[in-house]
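Quick notes on the structure that follows.
As the structure lists them, so they are numbered: ligands from 1, and atoms in each ligand from 1. Only a predicted model underlies this, so the values are computations on that prediction, with no experimental measurement involved.
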Amino acid sequence: METKIPKNHPRYESLMIRQRLATGLSRGLVHETGLIAHGRGEAFDYLLGEKTIPIALDAEKSAAARLLLAKHPVISVNGNVVALVPDDCVKLAECVPAILEVNLFHRTSDRIQRIIRELLDHGAVGVLGEHADERIPGLDHDRGLCEKQGIFSADVVLVPLEDGDRCESLRRMDKFVITIDLNPLSRTSRTAHITIVDNVCRAMKNILIWVEKLKTYNHSELELIGNQWNNKEQLHAVLQFISRRINQID
Ligand code: ATP
């Protein structure tokens, strides 16, 4: 049963996010290890001040430009992402437009179907992932399974809450990889072309706002925004932001 959390609780947002994941677990969307992954993310969110920092907002803008420039963009989702932000996944896919594909490390056909159903219930028109007919080269585990019409042939992939292995393999396939990861030190963060160091709950909304705004821009204006991102430099800036915050606490 869900605990009622008062809106004036100082940790309201964070507790609501936990509750959404716990509900996602009981509904068979989230795998139990997803809760552990979330805990790692939460710790970094705490260090960031649980807000979108300016560097992340810039990353979200560049990511939006790249998604708009793509010929075949795909948003790859897992159980945590769908339990937390189903509406934003659907709206973003519609607005870009991009394909939604479910990709799971702990893959069972029951969980894939539940996640697809959840997205369809939130208004998605079609969701890939159930009929994997291709493999990402170099990945032996189930995250390597994907659909030819989706991730396999994508030129730009948005992979929120990714693991490092798949991120590296997607890059080896010459895809442009955008990730959302609160941990600026993860392998994923260091491998992606654009890393958005922000909570997926804030990041997906911000990317959507940028996509809506940038839709009227022409190709060269979008290229200017999408190309100006230097991921290594920006991750360094995030770490500096965190260490400044830590040093300011008395
Ligand atoms: P890597 O292989 O890239 O080093 P990892 O082994 O830490 O990563 P996972 O355990 O799969 O990867 O965790 C996924 C990542 O998602 C973690 O780095 C965590 O910080 C991040 N994460 C978890 N919850 C959220 C969230 N709500 N928003 C953004 N990032 C999150």
Side-chain angles (χ1 to χ4, degrees), residues 11-25 29-53 55-60 63 75-89 92 102-107 111 115 118 136 138-146 151 157-172 175 177-208 231-232 234-235 238-239 241-242:
R11 310 211 43 72
Y12 178 77
E13 281 301 324
S14 172
L15 294 177
M16 288 304 290
I17 292 175
R18 284 188 185 180
Q19 192 128 306
R20 264 182 269 157
L21 283 174
T23 306
L25 180 73
L29 303 171
V30 172
H31 187 264
E32 52 258 50
T33 58
L35 302 185
I36 302 168
H38 180 74
R40 173 139 59 203
E42 241 188 18
F44 281 98
D45 209 10
Y46 211 100
L47 294 174
L48 290 164
E50 293 171 308
K51 282 199 280 275
T52 299
I53 65 171
I55 306 158
L57 197 60
D58 285 347
E60 286 151 1
I75 305 170
S76 170
V77 296
N78 64 15
N80 280 33
V81 174
V82 174
L84 290 175
V85 283
D87 281 329
D88 294 326
C89 288
L92 186 62
V102 180
N103 178 276
L104 304 177
F105 188 78
H106 300 279
R107 184 186 173 100
R111 206 152 74 83
I115 293 171
E118 181 72 0
I136 300 169
L139 272 190
D140 293 333
H141 50 75
D142 280 352
R143 279 210 108 169
L145 296 171
C146 63
I151 290 167
V157 267
L158 172 62
V159 283
L161 282 48
E162 187 51 73
D163 65 55
D165 286 7
R166 196 166 78 114
C167 191
E168 275 165 23
S169 304
L170 290 170
R171 272 205 71 147
R172 272 200 301 274
K175 299 184 189 304
V177 182
I178 303 166
T179 194
I180 302 169
D181 191 335
L182 280 160
N183 177 5
L185 298 166
S186 74
R187 283 178 309 151
T188 305
S189 285
R190 287 182 286 121
T191 309
H193 291 93
I194 297 179
T195 301
I196 299 166
V197 184
D198 200 2
N199 196 311
V200 73
C201 301
R202 301 186 296 266
M204 291 293 276
K205 282 192 175 37
N206 291 336
I207 301 171
L208 182 61
N231 211 43
K232 202 172 171 184
Q234 297 303 332
L235 287 177
V238 172
L239 290 169
F241 178 94
I242 292 175

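Near D198, with a cut-off below 4.0 Å to any heavy atom, the atoms of ligand 1 are 28 (N), 29 (C). Heavy-atom contacts of E162 reach the following atoms of ligand 1: 11 (O), 12 (O), 14 (C) (cutoff under 4.0 Å). Those atoms of ligand 1 with a heavy atom of G164 less than 4.0 angstrom away are 1 (P), 2 (O), 3 (O). Of all atoms in ligand 1, listed by their number and element, those nearer than 4.0 Å to a heavy atom of N183 are 18 (O), 20 (O). Within the listing of ligand 1, atoms 23 (C), 24 (N), 27 (N) sit less than 4.0 angstrom from a heavy atom of H38.
Protein heavy atom in closest approach to atom 3 (O) of ligand 1: T188 OG1, 2.5 Å. Scanning the protein heavy atoms around atom 30 (N) of ligand 1, the nearest turns out to be L182 N, 3.2 Å. From the protein, the heavy atom lying nearest to atom 7 (O) of ligand 1 is R40 NH2, 2.8 Å. For atom 8 (O) of ligand 1, the nearest protein heavy atom (residue, atom name, distance) is S186 CB, 4.0 Å. If you check which protein heavy atom lies closest to atom 4 (O) of ligand 1, you get R187 N, 3.0 Å. For atom 28 (N) of ligand 1, the closest non-hydrogen atom on the protein side is V200 N, 2.9 Å. Closest to atom 23 (C) of ligand 1, if we only count protein heavy atoms, is A37 O, 3.2 Å. In terms of protein heavy atoms, atom 27 (N) of ligand 1 is closest to N199 OD1, 3.1 Å.
Salt-bridge formation is detected for the pair D163/R143: a Lys NZ or Arg NE/NH1/NH2 atom is positioned less than 4.0 Å from an Asp or Glu carboxylate oxygen. One finds no salt bridge joining R202 and E50 here, because no Lys/Arg side-chain nitrogen approaches an Asp/Glu carboxylate oxygen to under 4.0 Å.
Using modelled atom types, no side-chain atom of R107 and backbone atom of D142 make a donor-acceptor pair closer than 3.5 Å. The backbone N or O of S189 sits less than 3.5 Å from a side-chain atom of N231, completing a donor-acceptor pair. Formation of a donor-acceptor pair under 3.5 Å by the H193 side chain with backbone atoms of I178 is not found in this model. At least one donor-acceptor pair under 3.5 Å links the side chain of R190 to the backbone N or O of L185. Not one N or O on the side chain of N80 forms a donor-acceptor pair closer than 3.5 Å with the backbone of L161. Using modelled atom types, no side-chain atom of T179 and backbone atom of T188 make a donor-acceptor pair closer than 3.5 Å.
Residues R40 and S186 bring no donor and acceptor atom of their side chains to less than 3.5 Å of each other.
Considering backbone and side-chain atoms together, L161 places no N or O closer than 3.5 Å to any N or O of ligand 1. Considering backbone and side-chain atoms together, D181 places an N or O closer than 3.5 Å to an N or O of ligand 1. For the pair F44 and ligand 1, the shortest N or O to N or O distance does not fall below 3.5 Å. Taking distance alone, with nitrogen or oxygen atoms compared against 3.5 Å, S189 stays at or beyond that limit from ligand 1. Considering backbone and side-chain N/O of D163, none are found under 3.5 Å from N/O of ligand 1.
For R111, the CZ atom is densely surrounded, since the number of other residues' heavy atoms within 6.0 Å is greater than 12.
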Practice problem: Determine, stepwise, if the pair V102 / L104 fulfils side chain to side chain contact (heavy atoms under 4.5 Å, CB included). | Solution: CA-CA 7 Å; V102 180; L104 304 177; 3.9 Å; yes
